[in-house]
Colleague: 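Please see the structure below; I have some questions.
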Amino acid sequence: MANSKRVIRGGRVIDPGQGIDRVADVLISGGKVVEVTEAPLDAAPEGHDVTDASGLVVAPGFIDLHTHLRDPGHEWKETIESGTQAAARGGFTTVCAMPNTDPCQDSAAVIEDVLRRAASDAAVRVLAIGAITKGRRGKALAPMGELADAGVIGFSDDGDPVSDANVMRQALSYTTALGLPIINHAEDHSLVRGGVMNEGPVATRLGLPPVPASAEAVMIARDIELAALTGGRLHVPHVSTAAGVELIRAAKQRGLNVTAEVTPHHLTLDETWVYGLHGEVPDAVPAAAYDTNTKVNPPLRSSADVAAVPEALADGTIDVVATDHAPHAATDKVCTYDEAAHGINVLETAFAQVMKLVHEKALSLPELISRLTAEPSRILGRELGTLKPEAPADIVLLDPEAEWTVSADDFVSLSRNTPLDGVTLKGRVVETVYAGATAWNAMAAEPSAK
Ligand SMILES: [Zn+2]
């Protein structure tokens with residue numbers, strides 16, 4: 001058992017929730033934060049382990065509002081244990097598990113099972129999201145009150161939208177009493193019609209059935225009107241289009257109870273990645289094209305969309321970065337683009353992916369960390385993602401300048417489905433501390449890492 005008393009000394013402490021951005025020491029004891037000291041300590045208090053964090057950033061552990069842990073039911077893709085280990089490697093100390101499991105998380109019994117197993121198996125905190133409708137079939141509401149009592153932090157049929165507007169109206173109405181958001185997968189199925197990638201010149205050239213950007217915007221527009229009608233609480237997941245951003249911006253100006261998230265891939269990768277050349281546009285369609293690891297829902301969008309979402313994240317229209325970590329086995333991806341499963345394995349690369357925005361000065365490092373800590377904490381309404389005294393000692397040590405090359409074979413996730421294999425990223429999680437104990441240490445795991 002590691003010493004429970006520790007000083008993380010001399011790092012640049014960034015805690016956006018408290019407005020802290022300065023070189024300081026962080027004291028932890030008994031799994032909790034004791035304080036962020038103003039004055040540098042000459043010597044560690046007696047009995048404390050000391051970690052030299054000079055040159056590193058020290059921040060609250062990240063919170064992911066959108067994680068597919070695949071457990072129960074699809075344990076060959078991911079488990080609570082492997083998914084939370086991947087989270088720890090990515091700097092996340094809280095993940096919110098999406099309910100499209102088997103059985104799906106539409107009853108208190110399943111939620112309690114997930115939370116009970118997480119308490120013994122998980123490397124970091126697991127919070128659960130309940131289904132909106134029974135069996136995620138979009139017809140009859142799940143027992144939302146019972147799910148709320150079981151501890152869910154919101155409701156979602158993610159993977160599928162609630163297509164029936166009246167069912168969505170009822171679900172949003174319940175949120176006024178329950179105070180928890182409806183997270184509706186924003187996609188109008190009647191516009192998808194078997195489409196597998198973004199509608200545009202790349203889909204045309206590759207001969208793949210397209211999904212228009214308006215499939216997202218139509219659903220977001222409907223949901224915003226229903227939030228206005230009911231006074232309910234709406235959280236829009238994985239916003240991927242400029243049109244979606246404009247609708248959310250307008251909804252916020254109307255004072256509606258609407259929040260939104262964006263994924264690392266929709267912030268940084270556009271539809272040209274489907275060519276399989278890491279964003280290069282070839283003269284002729286290459287052998288690498290139809291890279292099924294780029295197939296995701298919503299699809300990778302146009303370069304104009306990929307320019308619009310970071311702007312919206314910087315100006316607060318989009319509140320948080322959430323991963324939509326969607327692990328899939330090789331058998332789901334080694335097939336045609338049409339047949340491949342939707343989803344990208346994100347947790348272990350997320351921080352380095354979004355650091356691109358900081359390196360390109362689209363937003364500052366404290367702003368980015370806020371979108372991974374203070375903002376998701378506000379949406380959860382829980383005292384997480386902060387280094388306040390008495391908060392759980394959930395802490396990440398980051399090296400924003402360190403470069404590393406993604407190797408899917410090294411993932412601690414059970415799945416390997418990333419389009420970033422072999423890509424060099426800048427920004428590294430050095431250590432993740434969960435409730436005062438080390439959940440990930442890059443030096444120990446990868447001795448060659450600098
Ligand atoms: Zn979704």
Side-chain angles (χ1 to χ4, degrees), residues 64-70 74 77-78 83 95-102 104-106 127-133 135-138 142 152-164 167-168 171-172 181-192 195-198 211-224 234-241 243-245 247-248 258-267 269 294-301 305 309 318-328 332 340-347 350 376 379 415 417:
D64 187 14
L65 293 182
H66 192 143
T67 314
H68 296 277
L69 290 178
R70 307 295 191 211
H74 306 117
K77 299 178 191 236
E78 198 77 289
V95 296
C96 299
M98 275 291 177
N100 59 337
T101 50
D102 184 14
C104 85
Q105 294 169 195
D106 66 351
L127 302 175
I129 298 169
I132 302 171
T133 65
R136 297 176 53 257
R137 285 188 289 272
V152 302
I153 57 88
F155 303 93
S156 181
D157 282 359
D158 191 60
D160 292 299
V162 175
S163 292
D164 185 311
V167 172
M168 185 63 179
L172 282 164
I182 299 290
I183 308 164
N184 189 30
H185 179 96
E187 182 180 59
D188 185 319
H189 267 178
S190 65
L191 286 167
V192 175
V196 296
M197 73 165 289
N198 187 52
V211 184
S214 51
E216 174 173 282
V218 164
M219 187 58 86
I220 294 176
R222 185 204 76 173
D223 288 348
I224 286 170
L234 176 70
H235 178 74
V236 184
H238 44 55
V239 178
S240 66
T241 61
V245 163
L247 290 162
I248 293 159
V258 175
T259 53
E261 68 185 39
V262 61
T263 69
H265 39 285
H266 292 114
L267 284 164
L269 311 180
T294 64
K295 185 176 177 186
V296 62
N297 192 359
L300 300 180
R301 300 292 191 183
D305 291 316
V309 280
I318 296 176
D319 302 80
V320 304
V321 174
T323 68
D324 194 7
H325 175 75
H328 284 296
D332 302 311
H342 291 101
I344 297 179
N345 193 311
V346 183
L347 282 168
I379 290 170
S415 294
N417 53 306

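Remember, it's 1-based here, ligands and their atoms both numbered in the order they're listed.
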Colleague: Measure the acute angle between the ring planes of His185 and His238, then classify it against the limits of 30° and 60° as parallel, tilted or perpendicular.
Modeller: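 Aromatic pair His185/His238 classed perpendicular.
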
Colleague: Do you see an N/O/S atom of Asp158, backbone or side chain, under 2.8 Å from the Zn ion (ligand 1)?
Modeller: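 Asp158 does place an N, O or S atom closer than 2.8 Å to the Zn ion (ligand 1).
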
Colleague: Do the two ring centres, one from His342 and one from His328, sit under 6.0 Å apart?
Modeller: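 No; His328 has its ring centre 6.0 Å or more from that of His342.
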
Colleague: Decide, yes or no, whether a salt bridge links Asp160 with Arg136 under the criterion of side-chain N to carboxylate O below 4.0 Å.
Modeller: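 So Asp160 pairs with Arg136 through a salt bridge.
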
Colleague: Does a side-chain heavy-atom distance below 4.5 Å link His235 with Glu261?
Modeller: yes

Colleague: I'd like the atom name of the N/O/S atom in His185 lying closest to the Zn ion (ligand 1).
Modeller: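 Of all N, O or S atoms belonging to His185, ND1 is the one nearest the Zn ion (ligand 1).
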
Colleague: Tell me whether the Zn ion (ligand 1) has His238 as a neighbour, meaning an N, O or S atom of it below 2.8 Å.
Modeller: yes

